[in-house]
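Below, all heavy atoms of this structure are taken into account, side chains as well, without hydrogens, waters or symmetry copies. Just so we're clear, the structure is a prediction, and the values are computed from it rather than from any experiment.
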Amino acid sequence: MEVLAYLIPISLFLGGIGLVAFLYTVRSNQYDDPEGDAQRILNNEWDDHPKP
Amino acid sequence: MTGQTSSSAAACPGCIASPAEPARVTPRDAQIALSLPGIHCSACIATVERELNAFPGVEDARVNLTLKRAMVKAAPDLNARDLIPVLERAGYEAHELDPGALSATQTDKTGRELLMRLAVAGFASMNVMLLSVSVWSGATDATRDMFHWISAAIALPAIAFSAQPFFANAWGALRVRRLNMDVPIVLAILLALATSLSETALSGKHAYFDAALTLTFFLLAGRYLDYRTRAIARSAAEELTALEVPRATRLVGGIEEEVAVADLKLDDLVLVRPGGRMPVDGEIVSGRSELDRSLLTGETTPVFAQEGLKVSAGEVNLTGPLTIRATAVGEDTSLHQMADLVAIAESGRSRYTSLADKAAKLYAPGVHILAAFSFLGWYVYSGDIRTALNVAAAVLIITCPCALGLAVPAVTTAASGRLFRNGMLIKHATALERLAEVDTVVFDKTGTLTDGKPEVTDLSSHSEDDLQVALALAEASAHPLSVALARAAREAGIEPANLQDIKEVPGFGTEAAYNGQRARFGRAAWTGGEAENVTAAWLAIGDQKPVAFYFSDSLRKGAAEAVSAFQLAGKDVMLISGDTQGAVENLANWLGIHAWEAEALPQDKAARVQEMGDQGRRVLMVGDGLNDTAALAAAHVSISPASALDAARVASDIVLLGNDLSPISEACQTANAATRRIRENFRIATVYNVIAVPLAVAGLATPLIAALAMSASSITVSLNALRLR
């Protein structure tokens, strides 16, 4: 059962990463325009380098 | 591109653009919002952003496809009217939006907060559930205790954060000595946490941390759905408001300047161009024109306007430019006094108790009594306070209104979504429930059942010659009657006669020379015709006897269908209008409405609706004008078309987005179906309680049974709601 000592912290840590990532996306307005974001990916304009 | 340089400069101070930066960053950048109803794909986004960013003065432009809007950050002197032609050249319809009216949806703080809480509850419950599954599948002794402690460490802070809306609501209700749905929720969550914590400390077998968290998660999901539905309706309604940018042209020493309506003061001279709406109450100082008062009074016949006439805010100037001196501004205008009527009428509606409130009223005391009795029973039977408390906590958790919390929002979300696709905005949370109860429908005439646009009724009774001259004269004016005649004549294949020296005489009509004779088309008194009680325009050629063209208000699309659908459904349909007897009677006969009233003042309308409400009728009011607002607010539930005045839209529960009236009767059916689903959902939740509660009271419930029952009922309720889509 010693394996639990590693596995539980790891699972909690991974869950925490997921939560933090989600909170980051909410805070940076990434859910304001879901339709636009789905369409923007089809745009050729910033294919070579990211939009500054 | 200007958009690039400004943002890159912010990120990298060493960039080339940075020296120019301090000069360009003025204290206040203009925020311009544009509505782009035509955009739909990635190419549209790219074109619009490229065109806008290339325009001198624009710092950053960003399109939001979901809202079909573009937000532009630009130099302070840049105006939306400079940008609209740019987009129109690129092939996109664009309208200016008032950023002030949009602010509420721009910073969606409440929604974001709810989403955060939902996320925390979701992640925490997944982790705790993982630990609980190992306990249920046989972890014992020290392992079980450790799992319970870890669960507690996750659950306590997670609930302290995410269940705050429930705590706040429950506290709010308890403080005024009332019970709402949140009181049993909070009690269940807190008692579950407390007993689970003490059980864990005593290394007991059952801990309900997962139940407390899933409960919070499902209830937050319900709240969030509820919030989203209304936020979407609100943002669409706000967009309608924002489309009417409140601006006026003020004359100062003969020079025109654009100002916000809010900045107008008493005795200011205001120029109102043809087609414009009066921003304030006032008196005409110069100019002659005709006024369309239909939004205020329901009258369809335009009123002649000249120096000295008093005008009210909201009236539309039709033919010539008018200069008015403001006699009442802002709060004192008749527009605003009408809003006071609305406030009085609205107090009646707040008495409505929603189905959810009714359920909560029955439910909350029942649950508390049941839990108290199980506690007492077990305490008397076993003499052990710990067992008794555990049973009471289990009863509260199992009965907790998880499904009840989802029952209403899941249904209203599905129903509102369906109605939104049909072009209806549900603005009020309980609008659908109220719509389902309607037994009487009251329609306004002008602008609601009719388009508010005139139509020629007797085109065929005129000679070809007259028609040709009339057409030529009509095409020289933007007056609604002229426009209607020109359209009808063109459709009938008439060619305009050859006229010389065509000129419009504002307030009277158009005049020209025809074969050396004077030809006039316009008001009765001006052309030598006899004034009648029907809308008419007269044509006079030389010394010939003037001939009249009669007009009636054209029927709005779907109006006949909506009326007959309501009559078929067994509802009483009424027509109350501020227009003249003749016009109202004609329309009522045409549509088969037996009960009608004409020449009703705004107060009469509201009083009539109120009276019917007092008789126990459930009135649906459909209206658009300022004269309808008080009636809209007094009715049990109200609908206004998107073309309605802002005040009318604010007073109504549902806004019709399209031009077609037929979705209204369909909305009633959807509302009926929605109410039926809500009741079904309550029944499903009750059935699940009937099965699970005896187990809990008998002390046989385990955390596993609680989790299964809770998830199963929540999912059933949501699926049942989805049948509405």
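- With a 4.5 angstrom heavy-atom cutoff, B:Asn64 touches chain A via backbone and side-chain atoms both.
- Options A:Gly36, A:Gly16, A:Ser11 differ in how many heavy-atom pairs under 4.5 Å they form with chain B, and the most are formed by A:Gly36.
- Using a 4.5 Å cut-off between heavy atoms, B:Ile45 touches chain A through its side chain atoms alone.
- With a threshold of 4.5 angstrom between heavy atoms, A:Ile41 does not approach chain B through any atom at all.
- With rounding to the nearest 0.5 Å, the separation of CD1 in A:Ile8 from CG in B:Leu131 is 6.0 Å.
- Side-chain N or O atoms of A:Asp33 include one that pairs as donor or acceptor with a backbone N or O of B:Leu65 at under 3.5 Å.
- Contact annotation: the side chain of B:Met126 never approaches that of A:Leu19 to less than 4.5 Å [non-hydrogen atoms, C-beta and beyond].
- For a residue to count as touching a neighbouring chain, one of its non-hydrogen atoms must lie under 4.5 Å from one of that chain's; by this rule B:Ile150 touches chain A with the side chain only.
- Here the shortest heavy-atom pairing between B:Ser42 and A:Leu42 reads OG-CB, 3.9 Å.
- Proximity of A:Arg27 to B:Met116: side-chain heavy atoms (C-beta onward) are separated by under 4.5 Å at one or more points.
- More than 12 heavy atoms of other residues, nucleotides or ligands lie within 6.0 Å of CZ in A:Arg40, so this atom counts as buried by the packing criterion.
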